[in-house]
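In what follows, a structure is listed as structure tokens, so that the remarks can point back to it.
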2 protein chains.
Amino acid sequence: MRFHSPAIQYFHAVRRTGSIRAAARVLNVASSAVSRQILKLEQEVGSPLFERNARGLTLTTVGEMLARHVMNVLQDLDRFRSDVASLSGAWSGTVSIACIESLTESVLPDLIASHRGRARRVSFTTEVKGSSDVLEALSRGEADIGIAMALRHPPDLRQVALKRFRLGAVVAREHPLARRKTVTLEQCLAFPVINALPELSIYHLLQPLIAQLSETPEPAIQANSIDLMRELAARGVGVAFQTQLGIGRLSRDSQLVFLPLDNAGSPVWSDLGIYVRAERTLPAYTESFLQELVRELGERERRENAAYPPTS
Amino acid sequence: MRFHSPAIQYFHAVRRTGSIRAAARVLNVASSAVSRQILKLEQEVGSPLFERNARGLTLTTVGEMLARHVMNVLQDLDRFRSDVASLSGAWSGTVSIACIESLTESVLPDLIASHRGRARRVSFTTEVKGSSDVLEALSRGEADIGIAMALRHPPDLRQVALKRFRLGAVVAREHPLARRKTVTLEQCLAFPVINALPELSIYHLLQPLIAQLSETPEPAIQANSIDLMRELAARGVGVAFQTQLGIGRLSRDSQLVFLPLDNAGSPVWSDLGIYVRAERTLPAYTESFLQELVRELGERERRENAAYPPTS
DNA sequence: ACATGTTGCTGCCGTTTCGGCAACGGCTAT
DNA sequence: ATAGCCGTTGCCGAAACGGCAGCAACATGT
């Protein structure tokens with residue numbers, strides 16, 4: 001099913017690989033063929049699409065515009081294909097997800113497993129990144145669905161849903177704080193804490209609050225892995241901070257305790273956004289998974305709110 | 001600038017004309033070329049795209065899916081072109097509008113004239129239709145912007161704005177009703193009225209209200225042209241019904257009077273919707289005009305509300 | 001400074017695709 | 001029955017495409 005001129009596909013490959021010869025390798029064609037198609041495109045557009053650096057190609061402004069068009073075309077082609085396929089009964093395709101680490105512990109694996117149980121022919125690609133990288137990958141068309149902290153998102157993305165979860169302290173069961181219902185930041189800072197590095201968005205949530213306190217915090221551990229921080233906390237090394245999403249199962253059958261943070265009487269919210277490219281209709285199988293994702297996160301938000309009512 | 005496979009464009013032309021030979025004439029190519037491209041497409045998709053009736057071709061279900069994809073591609077190509085053009089300063093392109101008749105008297109001509117004064121290279125195509133035909137033309141990609149009565153719109157359209165205007169009676173200055181501030185439907189029906197035919201949406205607005213009244217209305221004139229109805233009213237033939245949008249200028253310097261309808265103490269609203277295709281980013285020049293259109297209609301809605309406050 | 005590897009680009013040439021012409025069978029309306 | 005329009009199909013020249021080998025320009029490593 002190849003109704004689009006090869007120039008489109010070649011351009012797309014060159015943009016992704018950043019090199020004509022590399023694109024040619026991916027496409028299984030001679031590099032000369034790719035080079036010529038790009039030159040032809042540039043002639044028809046009337047303006048160069050790439051800047052030729054000594055080491056590969058970079059998009060020009062016009063090139064970026066064309067890249068957007070090509071992405072729209074190819075993604076809509078995917079959707080068309082899936083529409084035709086679903087007409088003859090069988091769903092098949094790949095859902096590509098970019099998300100932050102908090103989802104990997106239970107939300108995403110649960111959802112994917114349950115979805116695959118019902119739709120065997122749908123496969124998944126997931127990539128864990130930082131929040132801004134998630135949005136960037138989405139913009140570049142490298143993923144279909146993005147889950148990230150709700151920062152300001154670029155205009156070519158659409159925020160499908162926004163769910164807020166309470167940020168909390170995570171400590172081992174034997175920790176002195178573990179008996180409490182909620183904790184304040186000050187109480188936590190009296191103990192060794194496991195801090196997020198600036199590449200994690202938790203850092204940007206907590207840093208302003210910590211800065212307000214005049215205390216000098218205990219000597220702390222810093223890390224950039226939610227997983228690592230959680231495991232450290234479980235071993236009693238200190239107090240970690242994250243949303244309950246990241247410790248769904250572990251908090252039940254093991255030694256972790258989640259304590260919602262209380263900042264001057266009000267909770268500390270961590271806003272999670274679900275994003276897709278704005279100029280695009282998703283294939284049916286992707287749309288279906290997306291809706292399950294939104295439903296599931298909404299459910300967790302609701303459950304959590306019931307467990308830790310904000311007005312406590 | 002033709003980077004898409006000819007099959008795409010041929011398919012598009014065949015869909016619009018409903019015939020391979022007619023498409024070939026439009027495209028200035030031999031009909032055999034068109035036929036072959038369609039056959040090739042069908043082979044690649046793996047399923048027929050058209051039903052060959054004795055008199056031309058009709059889309060199959062798969063064909064309609066491909067049609068949607070092709071429309072998305074071609075329209076996004078337009079947008080890309082306009083983006084590139086606007087980069088070198090000069091806007092140029094064609095804004096295609098489908099709207100109902102009420103707009104033709106002053107709103108649309110005013111807007112187009114003023115817009116052309118600022119952007120000479122932008123040309124316009126406008127087609128006047130009934131409300132449901134407007135939405136249909138929009139769905140089929142035959143127009144960029146649609147203005148129609150706000151009915152239920154199909155999911156592939158997006159309602160950009162919704163403005164409500166008061167339905168009113170339009171009478172000649174010498175008409176007995178002309179001295180009033182507002183009128184009720186009953187008062188109007190005491191005189192000869194000029195009714196809309198069912199093809200106009202005004203009919204569907206008024207008919208339920210008229211049916212509630214037990215009176216037998218005066219022998220009436222029926223017409224399907226807003227313009228004709230207005231001119232008839234100006235000649236004192238009877239009472240016409242429409243929104244004030246249709247008589248903007250005429251009510252000022254001529255013999256027409258607009259009287260907001262009062263139905264059991266509350267106004268009768270006529271909802272005007274502005275629509276675009278949902279899966280699409282508009283070219284810059286179209287987007288610009290669209291925003292002016294929304295602003296202008298909002299302005300008229302505001303002005304009218306000030307002139308005839310709903311609570312009177 | 002030199003060799004080496006990589007980059008994009010360009011003649012040359014065989015292959016594939018495309019489009020125009022003419023003709024065919026099927027169908028409708030007169 | 002006849003004329004007209006429909007979509008399709010051989011045939012053939014023209015245009016586009018892709019592969020191969022070689023080019024100059026540049027970066028890197030010794």
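Chain A is the first sequence line, chain B the second, and so forth, proteins listed ahead of strands; every chain is numbered from 1. Computed from a predicted model, the values in this text were never measured in an experiment.
Ring planes of His69(A) and Phe3(B): tilted class, angle from 30 to 60°. Between His4(A) and His4(B), the angle of the ring planes goes over 60°, which puts this pair in the perpendicular group of the 30/60° scheme. Using the six-membered ring where Trp is involved, Phe50(A) and Phe11(A) have ring planes that are tilted, between 30° and 60° apart.
Counting non-hydrogen atoms of other residues, nucleotides and ligands closer than 6.0 Å to CD of Glu64(B) gives a total above 12.
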Fill in: Worked verdict on Glu51(A) versus Leu57(A) for side chain to side chain contact (heavy atoms under 4.5 Å, CB included)
CA-CA 6 Å; Glu51(A) 278 172 6; Leu57(A) 311 191; over 6 Å; no
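The NE2-P distance, from His4(B) to dA16(D), rounds to 18 Å in whole Å. Atom pair Leu39(A):CG and dT7(C):C1' shows a separation of 14 Å (rounding to whole Å applied). When the P atom of dC9(C) is taken as reference, atom CD of Gln43(A) falls 13 Å away, rounded to whole Å. With rounding to whole Å, Leu27(B) atom CG is found 10 Å from dG20(C) atom P. Between the P atom of dG8(C) and the CD1 atom of Ile38(A) lies a distance of 10 Å, rounded to the nearest Å. One atom, CD of Glu44(A), and another, C1' of dA15(D), lie 14 Å apart when rounded to the nearest Å. The distance from atom CD1 of Ile20(B) to atom P of dG7(D) is 5 Å, rounded to the nearest whole Å. The CG-P distance, from Asn53(A) to dC9(C), rounds to 12 Å in whole Å.
Considering only residues two or more places apart in sequence or on other chains, Arg52(A) meets the salt bridge (Lys or Arg N to Asp or Glu O under 4.0 Å) condition with Glu42(A).
Using a 4.0 Å heavy-atom criterion, one finds that Leu57(A) contacts the sugar-phosphate atoms exclusively.
Helix-axis bend for the helix from dA1(C)-dT30(D) to dT30(C)-dA1(D): the local axis fitted to the five terminal pairs at one end deviates from that at the other end by 30°, rounded to 10°.
His153(A) places no side-chain N or O within donor-acceptor distance of the main-chain N or O of Arg158(A), the cut-off being under 3.5 Å. A donor-acceptor pair under 3.5 Å links the side-chain atoms of Arg116(B) to the main chain of Val122(B), judged by distance alone.
The pair Glu136(A)-Arg140(A) counts as a salt bridge, with a side-chain nitrogen and a carboxylate oxygen less than 4.0 angstrom apart.
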Worksheet item: What one-letter contact string describes nucleotides 17-27 of chain D from 5' to 3', where B marks a base within less than 4.0 Å of any protein heavy atom, S marks contact via sugar-phosphate atoms alone, and - marks no contact?
Response: SSBB-----SS
